[in-house]
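All figures in this text were calculated on a predicted structure; none of them were measured in a lab. Sequence lines set the chain letters: A, B, ... in the order given, protein chains first and strands last, and positions in each chain run from 1.
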2 protein chains.
Amino acid sequence: MVTLKQVAAEAGVSTSTASSALRDLDIVRPETKRRVIEAANRLDYRINTSARALRSGRSDIFIAIIPDLDNQYYARFANALSNALSDRGKRLILQISRYDGDTELRQIRSIDPSTCDGLFVCSIANSGKVLHDAAGSIPVLMFDDMSGTADAYYDSIETPGQGGTAAAINHLVNECGRRRIGVVGALADRHDDGSLARALRTNRCNFALQALRSHGLADERSLIACDWSVDAGIDMAHRLAAQGMPYDALCCMNDELALGIMRGLAEEGINVPDAVAVTGFDGITSGSYTTPTLTTVAVDFEGMAQTGTAMMEQQVERLAANDTTPIMPQRVIVGFQLLKRESTLGRTATTGFTTRPR
Amino acid sequence: MVTLKQVAAEAGVSTSTASSALRDLDIVRPETKRRVIEAANRLDYRINTSARALRSGRSDIFIAIIPDLDNQYYARFANALSNALSDRGKRLILQISRYDGDTELRQIRSIDPSTCDGLFVCSIANSGKVLHDAAGSIPVLMFDDMSGTADAYYDSIETPGQGGTAAAINHLVNECGRRRIGVVGALADRHDDGSLARALRTNRCNFALQALRSHGLADERSLIACDWSVDAGIDMAHRLAAQGMPYDALCCMNDELALGIMRGLAEEGINVPDAVAVTGFDGITSGSYTTPTLTTVAVDFEGMAQTGTAMMEQQVERLAANDTTPIMPQRVIVGFQLLKRESTLGRTATTGFTTRPR
DNA sequence: GTGAAAGCGCTAACAG
DNA sequence: CTGTTAGCGCTTTCAC
């Protein structure tokens with residue numbers, strides 16, 4: 001293996017100069033820099049990142065803990081995050097928690113700071129406080145932290161629950177003329193304090209209800225408790241059909257659930273959107289080619305990843321500079337776009353069926 | 001940060017003994033081992049992996065280069081691979097090549113062996129030879145190596161092109177009574193030698209044609225050139241419809257393509273499977289909840305990942321042991337299961353539409 | 001079985 | 001601007 005020492009010898013400089021040159025520090029004369037770089041190329045030198053990390057304390061490696069890549073939401077997220085980091089010369093290790101809070105904690109505890117500059121966590125079970133105890137001094141950025149605003153430990157990025165559900169509900173009411181709208185995806189509480197209200201407060205359902213209320217359309221039947229999964233959606237569609245389908249629109253809290261709902265309704269022979277309009281949330285790709293295509297709140301995954309890496313970088317800098325001035329954890333809400341497709345608009349006569357709404 | 005030195009002090013042993021104890025080497029007395037482990041737990045010691053990698057030459061980190069995680073096939077693959085490695089105490093870095101052969105090579109060249117014990121590559125553009133030049137001494141395992149058997153440089157794992165397409169074709173012929181079967185997904189050649197025959201020889205289309213031939217159903221119209229993507233599938237469906245749909249079944253070379261075909265056929269008002277039966281290949285999740293659900297050759301992703309990590313481990317051992325005895329690269333073909341669903345069977349009268357074929 | 005010492009390849013501190 | 005020196009935390013000889 002070619003070492004820095006050999007490159008330095010080849011270029012006729014000392015190892016420290018070679019090191020500085022390859023890191024493009026300004027203290028090296030351009031001419032010297034060039035000689036070193038050429039020598040490195042000639043020898044096909046590759047830096048030993050372990051040695052660098054050991055000495056400098058920075059590995060340029062980050063870890064993302066994600067429930068499952070078979071869920072398209074997380075897959076797109078991981079994709080965007082990996083690309084965003086890659087564009088900045090950093091690498092991403094993926095750890096799959098399999099939707100298990102304990103696995104997640106175990107994975108975090110096994111991380112050593114020397115090979116991980118920072119941690120991105122999509123937790124479905126652990127609060128910032130719990131993560132903090134496990135992560136120690138490692139910078140952490142959370143995504144859709146559901147543990148409440150009062151005890152925010154870390155910077156976090158949120159999907160646009162308020163704006164997104166409002167846009168979906170407005171669309172259903174104003175453009176589709178729906179009045180009996182169900183909000184599908186209320187979560188059974190999974191938090192320690194056992195209060196359903198608390199979990200709800202911080203999640204999309206609550207915002208959707210607010211939006212319904214603003215139209216004077218909220219009642220005790222507005223909220224439908226349901227897991228955010230395809231299978232749960234299918235089951236729920238059958239259950240609602242058995243009740244005579246008391247809704248003319250179902251505003252689903254994520255796309256997988258919405259696609260399950262659509263499948264279940266198809267099995268029941270209930271037409272979407274004529275009998276029931278359906279909206280999703282996330283903007284995963286498969287909603288663009290199902291029949292009917294799914295109207296959904298498309299989250300800006302790339303923006304989420306860009307912002308996330310930028311925020312993370314700040315934290316890393318702060319840590320490196322030993323800056324311990326207390327700061328408030330930031331919360332950033334990412335952008336979205338309401339994609340109006342067939343599950344609310346139908347196959348419009350003018351466009352027929354020949355263009356694919358994206 | 002707690003170092004091994006501190007753990008050793010706490011346990012009242014030397015650092016080397018502490019090191020051996022924590023690595024569970026047999027040379028340490030059980031009693032001593034216990035003391036060291038307790039000390040480590042007490043201090044919440046986490047090994048500095050950079051230092052370990054620098055000294056030992058092993059990082060327990062692997063890299064997978066994958067075209068895109070928004071493609072469900074690769075997402076499931078990455079998921080399975082990450083889990084398989086995780087189960088063995090190893091980590092996976094994901095690099096997204098964005099379907100670009102040059103990006104892929106650049107990523108491989110930037111890898112340094114000290115932080116990467118081995119490389120998993122899903123290449124869509126580079127042959128084993130080209131990868132070999134870029135990867136140097138790093139162990140590599142390829143997935144669906146399309147560069148031909150003659151110049152195999154690395155161990156590889158293949159999806160079951162022959163068995164899978166044969167199963168799909170047999171199903172279409174014997175159980176669905178189809179005779180005018182199109183094989184969708186012939187690839188334009190992307191290899192250096194410019195021979196279409198070469199790329200074909202090694203891909204699924206060829207095996208599908210073989211299967212058709214065995215039923216006496218192959219002719220010059222059997223093969224339909226088409227990209228393996230949703231959009232290409234939609235376009236192709238329209239094009240075939242414009243030709244009066246000369247097929248009663250379309251055997252698609254992957255699921256995304258098949259789902260695109262189904263979407264396009266729906267736009268054309270062509271019923272699946274009554275007018276045209278459709279089969280896919282891969283077994284991605286969304287085929288289980290589209291309407292109709294997709295009959296497909298479901299690849300054993302977990303088996304693929306398990307076998308892959310095992311084969312990789314062998315290579316790593318060989319390298320560590322400096323075993324240079326020449327060996328033939330292995331090729332392993334993973335298992336599959338033909339999932340018979342609505343896109344070929346229809347919504348059977350008995351089960352109605354109430355159960356979801358998985 | 002255990003400890004002392006050397007050193008993996010690099011960067012940071014300082015001297016020139 | 002460049003070189004010398006020290007040492008990051010660990011594993012690996014090799015004595016004992």
Side-chain angles (χ1 to χ4, degrees), chain A residues 1-37 39-40 43-61 111-117 137 319-322, chain B residues 1-37 39-40 43-61 111-117 137 319-322:
Chain A
M1 196 180 34
V2 180
T3 68
L4 184 59
K5 212 166 156 185
Q6 295 172 43
V7 174
E10 172 87 8
V13 296
S14 73
T15 56
S16 61
T17 302
S19 172
S20 304
L22 290 176
R23 279 180 292 151
D24 201 26
L25 298 188
D26 285 337
I27 55 170
V28 182
R29 206 169 354 126
E31 157 64 14
T32 316
K33 221 177 250 182
R34 197 183 49 69
R35 281 219 324 278
V36 173
I37 291 169
L43 299 178
D44 192 25
Y45 168 72
R46 301 179 198 192
I47 191 168
N48 184 317
T49 48
S50 298
R52 181 170 62 87
L54 176 59
R55 187 60 238 242
S56 71
R58 299 260 288 250
S59 61
D60 286 345
I61 292 178
I111 293 172
D112 100 279
S114 83
T115 350
C116 173
D117 289 355
S137 62
L319 187 70
N322 239 315
Chain B
M1 195 180 38
V2 181
T3 68
L4 183 60
K5 212 167 156 185
Q6 296 171 42
V7 173
E10 172 87 8
V13 296
S14 72
T15 56
S16 59
T17 303
S19 172
S20 305
L22 290 176
R23 280 179 293 151
D24 201 26
L25 299 188
D26 286 336
I27 55 168
V28 182
R29 205 166 358 122
E31 157 64 13
T32 316
K33 222 178 251 183
R34 196 183 50 70
R35 280 216 327 277
V36 173
I37 290 168
L43 300 178
D44 191 26
Y45 168 73
R46 299 179 199 191
I47 191 169
N48 184 316
T49 47
S50 298
R52 182 170 61 88
L54 176 59
R55 187 61 237 244
S56 70
R58 298 260 288 251
S59 62
D60 285 345
I61 292 177
I111 293 171
D112 100 278
S114 83
T115 351
C116 174
D117 288 356
S137 62
L319 187 68
N322 238 316

How long is the gap from [atom1] on [X] to [atom2] on [Y], to the nearest 0.5 Å?
{"X": "Arg29(B)", "Y": "Arg35(B)", "atom1": "CZ", "atom2": "CZ", "value": "8.0 Å"}
{"X": "Arg58(A)", "Y": "Asp117(A)", "atom1": "CZ", "atom2": "CG", "value": "6.0 Å"}
{"X": "Thr17(A)", "Y": "Ile27(A)", "atom1": "OG1", "atom2": "CD1", "value": "8.0 Å"}

| said: For Ala18(A) versus Leu4(A), what's the shortest heavy-atom pair and its separation? | reply: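 For Ala18(A) versus Leu4(A), the nearest heavy atoms are CB-CD1, 3.7 Å.
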| field | Residue pair Cys116(A) / Ser59(A): nearest heavy atoms and the distance that separates them | value |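 Where Cys116(A) meets Ser59(A) most closely, the heavy atoms are N-OG, 3.5 Å.
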| request: For DNA chain C, find the residues of residues 13-22 of chain A with a heavy-atom distance under 4.0 Å and give them by number; none if there aren't any. | output: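 Contacts with DNA chain C under 4.0 Å: Ser16(A), Ser19(A).
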| query | Base, sugar-phosphate alone, or nothing: which one does Arg23(A) contact when heavy atoms must sit under 4.0 Å apart? | reply |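 Contact class for Arg23(A): sugar-phosphate only.
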| message | For a quick check of understanding: with a heavy-atom distance under 4.0 Å over all strands, which category does Thr32(B) fall into, base, sugar-phosphate or nothing? | response |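 Sugar-phosphate contact only.
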| Going 5' to 3' along DNA chain C, which nucleotides are the first and last within contact of chain A (any atom under 4.0 Å from a heavy atom)? |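 Using the under 4.0 Å cut-off, the span is dG9(C) to dA12(C).
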Those residues that, when tested against [X], pass salt bridge (charged side-chain N to carboxylate O under 4.0 Å, His left out) (two or more places apart):
{"X": "Arg34(B)", "value": "Glu31(B), Glu38(B)"}
{"X": "Asp26(B)", "value": "none"}
{"X": "Asp60(B)", "value": "Arg52(B), Lys90(B)"}
{"X": "Arg46(B)", "value": "Asp44(B)"}

| field | Difference in axis direction between the ends of the helix from dG1(C)-dC16(D) to dG16(C)-dC1(D), five pairs, 10° | value |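 If I round to tens, the end axes sit 30° apart.
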Nearest-Å distance for atom pair [atom1]/[atom2], residues [X] and [N]:
{"X": "Leu54(B)", "N": "dT11(D)", "atom1": "CG", "atom2": "P", "result": "11 Å"}
{"X": "Arg34(A)", "N": "dT2(D)", "atom1": "CZ", "atom2": "P", "result": "13 Å"}
{"X": "Lys5(B)", "N": "dG7(D)", "atom1": "NZ", "atom2": "P", "result": "10 Å"}
{"X": "Arg46(B)", "N": "dC10(D)", "atom1": "CZ", "atom2": "P", "result": "13 Å"}
{"X": "Arg55(A)", "N": "dC10(D)", "atom1": "CZ", "atom2": "P", "result": "15 Å"}
{"X": "Gln6(B)", "N": "dC8(D)", "atom1": "CD", "atom2": "C1'", "result": "14 Å"}

Going by side-chain hydrogen bond (donor to acceptor under 3.5 Å, both in side chains), name the residues that satisfy it together with [X], two or more places apart in sequence or in a different chain.
{"X": "Ser114(A)", "result": "Asp112(A), Asn48(B), Ser50(B)"}
{"X": "Ser16(B)", "result": "Ser14(B)"}
{"X": "Ser19(B)", "result": "Arg23(B)"}

| message | With nearest nucleotide decided by heavy atoms, which residue, Ile27(B) or Ala51(B), maps closer to the 5′ end of DNA chain C? | response |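 So the residue in question is Ile27(B).
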| field | Which residue lies more 5' along DNA chain C, comparing Asn48(A) with Gly12(B) via nearest heavy atoms | value |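 The 5'-side residue here is Gly12(B).
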| task | Kindly write out the residues that satisfy side-chain contact (heavy atoms from CB on, under 4.5 Å) with Ala39(B), not counting sequence neighbours, or none if the list is empty. | result |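 Testing Ala39(B) for side-chain contact (heavy atoms from CB on, under 4.5 Å), a comparison that skips the adjacent residues, returns Val7(B), Glu10(B), Ala11(B), Arg42(B).
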| query | With a 4.5 Å limit on heavy-atom distance, are the side chains of Leu22(A) and Ile47(A) in contact? | reply |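 A side-chain contact under 4.5 Å is absent here.
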Show each protein N/O and nucleotides 14-16 of chain D N/O combination with a separation under 3.5 Å, one pair to a line.
none

| query | Does Tyr45(B) make a side-chain N or O approach to OP1 or OP2 of dG9(D) shorter than 4.0 Å? | reply |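 So the side-chain polar atoms of Tyr45(B) never come under 4.0 Å of the phosphate oxygens OP1 or OP2 of dG9(D).
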